[in-house]
Amino acid sequence: QVQLVESGGGLVQPGGSLSLSCAASGSIFRVSTMGWYRQAPGKQRELVATITSGYRTTYADAVKGRFTISRDNAKNTVYLQMNSLKPEDTAIYYCKLADERRGNSAWGQGTQVTVSS
């Protein structure tokens, strides 16, 4: 079973930055699409960004120009650099792995990001 562990969440002021990390266990990371999702209280979980095994990226319109997703296959880790944070970015951020060969997926436990003054 694939295990995903997020880290890097915390409390920051509007306009600040945070960097999230998600470390994956197992041997299928290199052939997987990785994604970051977020869920705020009372709202549905939404896509933030994805990165494929070929390093193609996608971003939600709400975070374009502010967030950057990247991956390090040697470390089995995906990152989310978040800049110019806004209060509406406050949510639990979840890491997702999707095997490109089979389409099965796994989720991390989530890490809390709070943007508040």
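Fair warning: this is a prediction, and the values are worked out from it, not measured in the lab.
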Legend entry - Exam field: side chain Ser32 to backbone Arg30, donor-acceptor pair closer than 3.5 Å: no

Inset, instruction - Kindly compute the distance separating NZ (Lys96) from CG (Leu4), expressed to the nearest 0.5 Å. - result: 11.0 Å

Legend entry - Distance (rounded to the nearest 0.5 Å) between Leu18 CG and Gln81 CD: 8.5 Å

Legend entry - Short side-chain to backbone donor-acceptor contact, Glu6 and Leu20, under 3.5 Å: no

Inset, instruction - Using a 4.5 Å cut-off on heavy atoms from C-beta on, say whether the side chain of Arg71 contacts that of Asn76. - result: no

Inset, instruction - Only counting residues at least two apart or in another chain, list the ones meeting side chain to side chain contact (heavy atoms under 4.5 Å, CB included) with Ile92. - result: Tyr94, Gln112

Legend entry - Output field: ring centroids Trp107/Tyr37 closer than 6.0 Å: yes

Inset, instruction - Can you run down the disulfide bond (SG atoms under 2.5 Å apart) pairs that involve residues 4-96, sequence neighbours left out, and say none if there aren't any? - result: Cys22-Cys95

Inset, instruction - Find out whether Ser116 and Pro87 are in side-chain contact, i.e. whether some heavy atom of one side chain is under 4.5 Å from a heavy atom of the other. - result: no

Inset, instruction - List for me each residue that meets salt bridge (Lys or Arg N to Asp or Glu O under 4.0 Å) alongside Lys43, sequence neighbours excluded, and say none if there are none. - result: none

Inset, instruction - Taking the side chain as every heavy atom from C-beta outward, state whether Tyr59 and Thr50 have any atom pair closer than 4.5 Å. - result: no

Inset, instruction - Report the distance from atom CH2 of Trp36 to atom CD1 of Ile51, rounding to the nearest 0.5 Å. - result: 12.0 Å

Inset, instruction - Supply the atom-to-atom distance Tyr93 OH to Met82 CE, rounded to the nearest 0.5 angstrom. - result: 5.5 Å

Legend entry - Common cluster, Tyr55/Leu47, ILVMFWY with side-chain heavy-atom separation under 4.5 Å: no

Inset, instruction - Kindly work out whether a path of hydrophobic side-chain contacts (I/L/V/M/F/W/Y, heavy atoms less than 4.5 Å apart) joins Val113 to Leu11. - result: no

Inset, instruction - Using the side-chain hydrogen bond (donor to acceptor under 3.5 Å, both in side chains) rule, collect all pairs that involve residues 7-17, keeping only residues at least two apart or in two chains. - result: Ser17-Asn83

Legend entry - Ser70: side chain to side chain contact (heavy atoms under 4.5 Å, CB included) partners, not counting sequence neighbours: Tyr79

Legend entry - Asp89: salt bridge (Lys or Arg N to Asp or Glu O under 4.0 Å) partners, not counting sequence neighbours: Arg38, Arg66

